[in-house]
Structures are given as C-alpha cells and as structure tokens.
Amino acid sequence: MSLSFGTTYPTMDLGTEPAVLAAWARGLEEIGFDEIYLPEHVVGINVQERPDWEPLNPNTLQTGKPLYDHRTPFLEPCVAMGFLAGVTERITLTSGIMVAPQRQTVLIAKQMAIADVLSKGRVRLGVGVGWNDAEFEALGASFKQRGKRMDQQIELLRRLWTEESVTYRGDFDAVTAAGICPLPVQRPIPIITGGDSEPALERAARTADGWFITSDVSKAGDRVRRYWERVDELGRRDAPSLTGTIYLAARQPEELVEDVERWARLGATHLNIRTSTYPVQLVGGEIVRKADVDTHLSALDTIRTTWLGRRAA
C-alpha cells in the first residue's frame, strides 16, 4: 500500500503572508508531497484576562492550560483552500481539523463545495468535535452537544454534496427543499474525523472516510489496532483511511524516518508531518521561529526521500 505524505502549514513559523504560503505550497509539489493540512481556530482566548480558564486538552483529555491564545495565528481552512487552489496544481487540500459543531452545517457544505470546484476535486474535509468551550461560546454553539451534532452534520453534508434539493430535519439543522449550487466535483467530498478518544475512534470507524489521529505513534498502537478491528467488524475495511501525525519538534529529519515506518506498519494510509516549532520556544521573551520556507521543505524532503530509499533497498 502506498503512503500519502502530507504536512500542516506552520503558521507559527511562517506567518500569514500570501507570497510565503504560495511559495511553501508550490515547494511541496516540487518535492513530491501529496497533501496540505490546514488547522483551525476561529478565535483565541486572552488567558491573561481569564487566568482561571482551564479548557479540555485534546491530547491528554484532561483540563489544563490552553494550547494557544489570542496571539496565535490561524488561517481559515476554506478561505486558504480557495487561495491554494489557485497557486497549486495537484496537491490535496485538507482541513486538519475543522471544528464542525461550532459552524453552520450548510455553510460548511457550501464553502467546501466551492473549494472543491476551484481545485478541480482536490479537497478533503477533516472535522473534529473540538475542545475549546470558550470558542464555542463566542460562536454561539453548544459545547455539551458537540459530538451528537457532528454525527448529524456528517449525514447532512453528504446529502448536500450529492443531491440538488434536500429536505432534512435533525436536532440542530432543518433544511426544506434547498440545495447548494454548484455541487462539488467529488460527490461526496471525503470526510475524515479527528480526535484520539474512544468516541472519536468509533465515529471514524463507523461513519467517516478515515481517522485523523494526533497522538505520537509511540502511544497510538493499541488505539489504531482497535480502530482496524472495529472497521473489520463493521465490514468497512475497504473504506476508511488512517492519517498518522509526526512531529519534527527539535529532532533531526532523519530521526523521523523510524516514525514513518512505525505508522506504515500500523496501516496508516496518510501522514501529517508537522515541522512547526512546537512546543513554542522562547528566548528573551521572544518566540523562536523557523521563518525560512526552505528550512521546512528541506526537512520534509529528507524525511520522504530517506524513507522511500529505505523501502526500495
């Protein structure tokens, strides 16, 4: 089975300058990468003014200090996909991960359909239930019902992408004889779901087109095996994909090749190799950044070519 190599745009390092984003994306195509992942948060919380706020940590599933604040830059995935569709030719564009339950379902369907049309069928929708209760509050959405809502959103999204006129009644959305136009090139657009919890595993195996897992591969083995077992039980083995995440952090690129191999042995079909400076490093109160596009591209190229060379040997 071939392995699709992808990476997340390192906004903390490279910022939001359009020319930089375009150069990074074109460079990925040149070195043979297959996919771009675009994370999201609509708002950040000023933690200095809310010192007692302890949101859910999606990695530990415990409450604690927030992972970002109001000074952390994020691109909006659908807008960024529209831009990237115009500066790339073949690479897949994926939201990784959009917090679907805090958004209007029909609007997600419309935005993703347009991104698919503009890119000529090169998008995937990655969605998750989210962890930032304050962000849900700011967007006027229910945090407590987010899992139930996303399950219904997936059903409605697929109908909106494949039917010209939809009538639907759910607990959160009502559509009466309405449809989006144009419909996407892909009917439906693939949906992958993120999250490392047991409900996320079940949702991915039962409903989605794939699972996007952010745990380090050294901690993911048991959950991934349960995922494939559940997929088999449901008779869906030919349907779902598995996206594994690898973090460069302070390691040398060559050190990540073993992580690639471990994900491949676990049945991963896609990789999300993150080159961003994380955890954030501070020197003299200033954030240390890898602000050169070539630094990120060189690391990614080394990881991919080294692994391919090892497999061919």
So, using side chain to side chain contact (heavy atoms under 4.5 Å, CB included) as the criterion, who are the partners of [X] when residues are at least two apart?
{"X": "A141", "result": "Q102, F136"}
{"X": "I108", "result": "M98, A100, R103, M112, L125, Q153, L157"}
{"X": "D151", "result": "R203"}
{"X": "L183", "result": "E164, I180, R187"}

Could you tell me whether E233 and R230 make a salt bridge, using a distance below 4.0 angstrom between a side-chain N and a carboxylate O?
yes
Do R310 and E258 sit within salt-bridge range, that is, some charged N less than 4.0 Å from a carboxylate O?
yes
Show, in sequence, the C-alpha distance, side-chain angles and deciding distance for E76 and V42, and conclude whether the side chain to side chain contact (heavy atoms under 4.5 Å, CB included) test is met.
CA-CA 7 Å; E76 197 289 316; V42 178; over 6 Å; no
Just how far is it from atom [atom1] of [X] to atom [atom2] of [Y], taken to the nearest 0.5 Å?
{"X": "L248", "Y": "R274", "atom1": "CG", "atom2": "CZ", "result": "12.0 Å"}
{"X": "I191", "Y": "R158", "atom1": "CD1", "atom2": "CZ", "result": "4.5 Å"}
{"X": "I303", "Y": "I273", "atom1": "CD1", "atom2": "CD1", "result": "4.5 Å"}
{"X": "T275", "Y": "D13", "atom1": "OG1", "atom2": "CG", "result": "6.5 Å"}

Test item: [X] side-chain N/O and [Y] main-chain N/O as donor-acceptor pair under 3.5 Å:
{"X": "K65", "Y": "W53", "value": "no"}
{"X": "D116", "Y": "V185", "value": "yes"}
{"X": "E40", "Y": "S95", "value": "no"}
{"X": "W211", "Y": "G244", "value": "no"}
{"X": "W228", "Y": "L266", "value": "yes"}
{"X": "R226", "Y": "E202", "value": "no"}
{"X": "S165", "Y": "G179", "value": "no"}

Are D171 and R149 close enough, and set up right, to give a side chain to side chain contact (heavy atoms under 4.5 Å, CB included), and what steps lead you there?
CA-CA 8 Å; D171 297 308; R149 184 177 190 199; over 6 Å; no
Taking side chain as C-beta onward, heavy atoms only, is [X] less than 4.5 Å from [Y]?
{"X": "Q111", "Y": "P77", "result": "no"}
{"X": "I246", "Y": "R251", "result": "yes"}
{"X": "R311", "Y": "L3", "result": "no"}
{"X": "L75", "Y": "T16", "result": "yes"}
{"X": "Q145", "Y": "F172", "result": "yes"}

Can you tell me if [X] and [Y] form a side-chain donor-acceptor pair at under 3.5 Å?
{"X": "R223", "Y": "S215", "answer": "yes"}
{"X": "D34", "Y": "T92", "answer": "no"}
{"X": "T8", "Y": "N272", "answer": "yes"}

Name the one of F33, F83, W24 that satisfies ring pair (Phe, Tyr, Trp, His ring centres under 6.0 Å) with Y9?
W24
Could you report the tightest heavy-atom contact between [X] and [Y], atom names first, then the distance?
{"X": "A25", "Y": "L84", "answer": "CB-CD2, 3.6 Å"}
{"X": "V224", "Y": "W263", "answer": "CG2-CZ3, 3.9 Å"}
{"X": "Q186", "Y": "V123", "answer": "NE2-O, 2.8 Å"}
{"X": "S241", "Y": "T269", "answer": "CB-OG1, 3.1 Å"}
{"X": "T94", "Y": "G126", "answer": "CG2-N, 4.3 Å"}
{"X": "W307", "Y": "A264", "answer": "CZ2-CB, 4.1 Å"}

Hydrophobic cluster membership, [X] vs [Y], 4.5 Å side-chain cutoff:
{"X": "F74", "Y": "I45", "value": "no"}
{"X": "Y37", "Y": "V293", "value": "no"}
{"X": "V99", "Y": "I154", "value": "no"}
{"X": "V20", "Y": "I36", "value": "yes"}
{"X": "I192", "Y": "V127", "value": "no"}

Pi-cation contact, F143 with R146 (under 6.0 Å, within 45°):
yes
Salt bridge (Lys or Arg N to Asp or Glu O under 4.0 Å), paired with E35, selected from R122, R124, R304:
R124
Please check if the number of heavy atoms outside K148 that lie under 6.0 Å from its NZ is greater than 12.
no
Counting only heavy atoms not in E163, do more than 12 sit closer than 6.0 Å to its CD atom?
yes
Could you walk me through whether F5 and L28 pass the side chain to side chain contact (heavy atoms under 4.5 Å, CB included) check?
CA-CA 10 Å; F5 279 77; L28 287 175; over 6 Å; no
Look at the rings of W131 and H41 and say which category their plane angle falls in: under 30° parallel, 30 to 60° tilted, over 60° perpendicular.
perpendicular
Restricting to salt bridge (Lys or Arg N to Asp or Glu O under 4.0 Å), what partner residues turn up for R71, sequence neighbours left out?
D69
Only one of T105, T207, T193 forms a side chain to side chain contact (heavy atoms under 4.5 Å, CB included) with M150, so which one is it?
T193
Residue pair L67, N57: steps toward the side chain to side chain contact (heavy atoms under 4.5 Å, CB included) verdict
CA-CA 8 Å; L67 302 180; N57 185 308; 3.6 Å; yes
With clusters built from Ile, Leu, Val, Met, Phe, Trp and Tyr whose side-chain heavy atoms come within less than 4.5 Å, directly or transitively, what are the remaining members of the cluster of V166, listed by chain and number?
V106, L156, L160, Y168, V175
